[in-house]
S.K.: 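Please find one structure pasted underneath; my questions will follow.
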There are 2 protein chains.
Amino acid sequence: MNTTQRADQQTSADRRRRELLEAADRVVLRDGPHASMNAIAAEAGITKPILYRHFGDKGGLYAALAVRHTDALLASLRAALDAPAERRQRVEATLDTYLAAIEARPQVYRFLMHPAESAGAPGDPSEPGFDVGRHSAPLLRRMGEELAQVIEERLDVGPGTQQLARVWGHGIVGMMHAAGDWWLGERPCPREELVRSLADLLWGRLAEAGDKAGGPGF
Amino acid sequence: MNTTQRADQQTSADRRRRELLEAADRVVLRDGPHASMNAIAAEAGITKPILYRHFGDKGGLYAALAVRHTDALLASLRAALDAPAERRQRVEATLDTYLAAIEARPQVYRFLMHPAESAGAPGDPSEPGFDVGRHSAPLLRRMGEELAQVIEERLDVGPGTQQLARVWGHGIVGMMHAAGDWWLGERPCPREELVRSLADLLWGRLAEAGDKAGGPGF
DNA sequence: ACTCGGGGTTACCGCAAGTAACATGCACGG
DNA sequence: CCGTGCATGTTACTTGCGGTAACCCCGAGT
């Protein structure tokens with residue numbers, strides 16, 4: 001029958017797509033983001049043109065991969081963020097979740113922050129990449145928006161809350177990201193300490209701290 | 001004489017190098033970080049091998065370019081950071097300096113955050129890039145360390161100040177970066193407002209804010 | 001006169017993205 | 001039972017880029 005046939009093909013194509021993504025995942029996690037399409041195709045036991053039939057171009061494949069991992073990470077974060085606990089607890093839990101994730105699978109993390117390049121001049125279609133303009137990983141943007149939404153839903157900071165929430169969302173995510181990236185490279189302290197330090201920063205300890213003796217101008 | 005001759009050659013080579021960097025700068029600023037070595041060479045009025053004689057490989061050229069701009073930006077930031085004013089003033093001035101810089105020359109900014117890819121497996125020399133492992137821009141690291149040093153010099157937060165200063169340095173820089181990146185893309189508000197919002201965040205308004213009515217668990 | 005070294009060029013290699021054209025297997029309608 | 005789509009797969013190619021080898025030219029020093 002026509003419908004079942006088309007449905008079968010649909011699911012079959014979907015399964016295939018998923019298999020290909022799994023293979024691509026293995027290769028990217030093993031070889032880093034420079035994995036060639038040939039390598040990925042070989043890992044999947046097929047050849048290049050099939051990948052192109054399924055994903056259009058390399059950017060498409062990488063975007064699909066990124067969406068998978070991003071969704072997974074965002075789900076964990078949302079859980080930590082929405083837990084029924086006090087605010088400081090929730091903040092620390094979220095930080096810890098993120099840091100634990102990047103600590104457990106740094107390869108995934110590194111990949112997510114570099115999905116594609118492509119930043120050609122606007123209006124110039126010579127670059128085959130996809131997201132002209134934005135360069136930093138979409139993961140950061142998505143996390144920022146997510147956090148902004150939670151802040152806006154749960155916090156009351158008077159007028160302009162919405163705007164403030166978005167600024168804070170992206171700012172906090174960036175803080176988490178940069179500190180995590182640095183920490184992952186140098187490992188200067190255990191994770192809990194990093195979490196506590198960052199939470200302290202958000203809790204205003206920077207403003208409260210005293211000037212050091214002999215400081216100029218104060 | 002030998003010394004003056006060698007000195008002449010030195011300065012001549014340096015001048016050449018600087019000219020090439022200027023040309024590269026123009027191209028990168030015009031075409032984005034994907035500028036090909038051929039394009040850069042053409043802009044400089046010469047051919048590829050000369051670029052390679054001067055900079056080794058593309059990573060070397062890009063690194064040299066990045067150092068130039070990074071140094072310039074860091075100098076402005078250090079000025080704002082070391083100004084003789086109250087802490088909040090200094091923080092706002094620093095944020096504003098950074099945001100003004102990326103607003104004035106977004107192309108430079110975008111380039112600085114993407115100097116090169118290259119993240120091959122450790123110990124594998126197959127990748128010709130340079131900084132294996134680190135992926136995010138060195139600019140962020142340098143700003144983080146810079147800020148950490150200033151914090152450590154001027155702030156007194158009891159024992160563990162040094163560690164805390166580094167965490168905060170990288171964290172604050174990351175906050176600034178991510179918020180700036182998002183703001184640059186969407187322009188949701190004037191710059192001063194962004195500056196104020198971020199400073200407020202650092203000043204603990206997140207912790208002080210009240211819960212919204214009907215929030216779960218609290 | 002000659003050679004030596006710095007600045008320059010052409011022509012090439014290897015490799016990866018992306019594509020065109022050809023092969024194969026399998027369900028359908030006659 | 002035979003062709004006819006059609007999805008799936010392959011080989012073989014083009015294009016463009018990073019990087020290099022070999023050669024060239026010209027001015028300075030002996």
Side-chain angles (χ1 to χ4, degrees), chain A residues 1-20 23-24 27-28 31-63 115-118 120 124-130, chain B residues 1-20 23-24 27-28 31-63 65 115-120 124-130:
Chain A
M1 212 199 256
N2 218 347
T3 67
T4 63
Q5 170 189 344
R6 196 174 285 176
D8 279 1
Q9 283 170 196
Q10 180 71 18
T11 64
S12 129
D14 268 8
R15 264 213 314 277
R16 200 89 187 93
R17 188 188 165 94
R18 224 169 289 168
E19 290 171 19
L20 298 184
V27 176
V28 166
D31 300 349
H34 297 295
S36 80
M37 293 300 262
N38 263 325
I40 295 175
E43 170 73 25
I46 44 115
T47 49
K48 266 194 303 178
I50 303 183
L51 287 181
Y52 284 95
R53 283 231 244 276
H54 274 271
F55 301 103
D57 62 353
K58 191 172 186 168
L61 202 172
Y62 275 40
E117 297 230 305
S118 90
D124 173 33
S126 68
E127 285 293 340
F130 62 131
Chain B
M1 209 201 252
N2 217 347
T3 67
T4 63
Q5 169 189 344
R6 196 173 287 175
D8 278 1
Q9 284 170 197
Q10 180 69 21
T11 63
S12 130
D14 267 8
R15 265 213 314 276
R16 200 87 187 91
R17 187 187 165 94
R18 224 167 289 169
E19 289 171 20
L20 298 185
V27 175
V28 166
D31 299 350
H34 297 296
S36 80
M37 292 300 262
N38 262 326
I40 295 174
E43 170 73 26
I46 42 115
T47 49
K48 268 194 303 178
I50 303 184
L51 288 181
Y52 285 96
R53 283 231 240 277
H54 275 272
F55 301 103
D57 62 354
K58 190 170 187 171
L61 201 172
Y62 275 39
L65 263 186
E117 296 227 307
S118 90
D124 173 34
S126 66
E127 285 294 340
F130 63 131

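Each chain gets a letter, A, B and so on, in the order its sequence line appears, and its residues count up from 1. Note: hydrogens, waters and symmetry copies are ignored here, and every other heavy atom, side chains too, is used.
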S.K.: Here's a test of your reading of the structure: between B:K58 and B:R53, which maps to the more 5' nucleotide of DNA chain D?
M.R.: B:K58
S.K.: Which pair of heavy atoms, one from A:E43 and one from A:A23, lies closest together, and at what distance?
M.R.: CG-O, 3.7 Å
S.K.: B:N38 has an atom CG; how far is it from atom C1' of C:dC12, in whole Å?
M.R.: 13 Å
S.K.: Which heavy atom of B:V27 sits nearest to which heavy atom of B:A39, and what is that distance?
M.R.: CG2-O, 4.1 Å
S.K.: I'd like to check the side-chain contact (heavy atoms from CB on, under 4.5 Å) partners of B:R17; sequence neighbours left out, ordered by chain and number.
M.R.: B:H54, B:F55, B:A64
S.K.: Once you round it to whole Å, what is the distance between P of C:dC15 and NE2 of A:H34?
M.R.: 16 Å
S.K.: Supply the atom-to-atom distance B:I40 CD1 to B:I50 CD1, rounded to the nearest 0.5 angstrom.
M.R.: 13.5 Å
S.K.: Would you give the length of the straight line joining atom CZ of A:R15 to atom CG of A:L20, rounded to the nearest 0.5 angstrom?
M.R.: 12.0 Å
S.K.: Kindly say whether B:D57 contributes a backbone atom to a donor-acceptor pair with the side chain of B:Y62 at under 3.5 angstrom?
M.R.: no
S.K.: Measuring from A:N38:CG to A:L51:CG, what's the distance to the nearest 0.5 Å?
M.R.: 9.0 Å
S.K.: Just the rounded figure in Å: distance from C1' of D:dT10 to NE2 of A:H54.
M.R.: 15 Å
S.K.: Does anything in residues 43-52 of chain A come within less than 4.0 Å of DNA chain D? Heavy atoms only, and list the residues if so.
M.R.: A:I46, A:T47, A:P49, A:I50
S.K.: In Å and rounded to the nearest 0.5 Å, what is the NZ to OG distance from A:K58 to A:S36?
M.R.: 7.0 Å
S.K.: Check the distance between D:dT20's P and B:F55's CZ and give it to me in whole angstrom.
M.R.: 15 Å
S.K.: What does the inter-axis angle of the helix from C:dA1-D:dT30 to C:dG30-D:dC1 come out as, five pairs per end, nearest 10 degrees?
M.R.: 30°
S.K.: Nearest whole Å is fine: how far is C:dG7 C1' from B:L20 CG?
M.R.: 11 Å
S.K.: Can you measure B:R17 atom CZ to C:dG6 atom P for me and round it to whole angstrom units?
M.R.: 17 Å
S.K.: For residues A:M37 and A:L61, determine if any side-chain heavy atom of one lies less than 4.5 Å from a side-chain heavy atom of the other.
M.R.: yes
S.K.: Is the phosphate of D:dT8 approached by A:R15 (side-chain N or O, under 4.0 Å from OP1 or OP2)?
M.R.: no
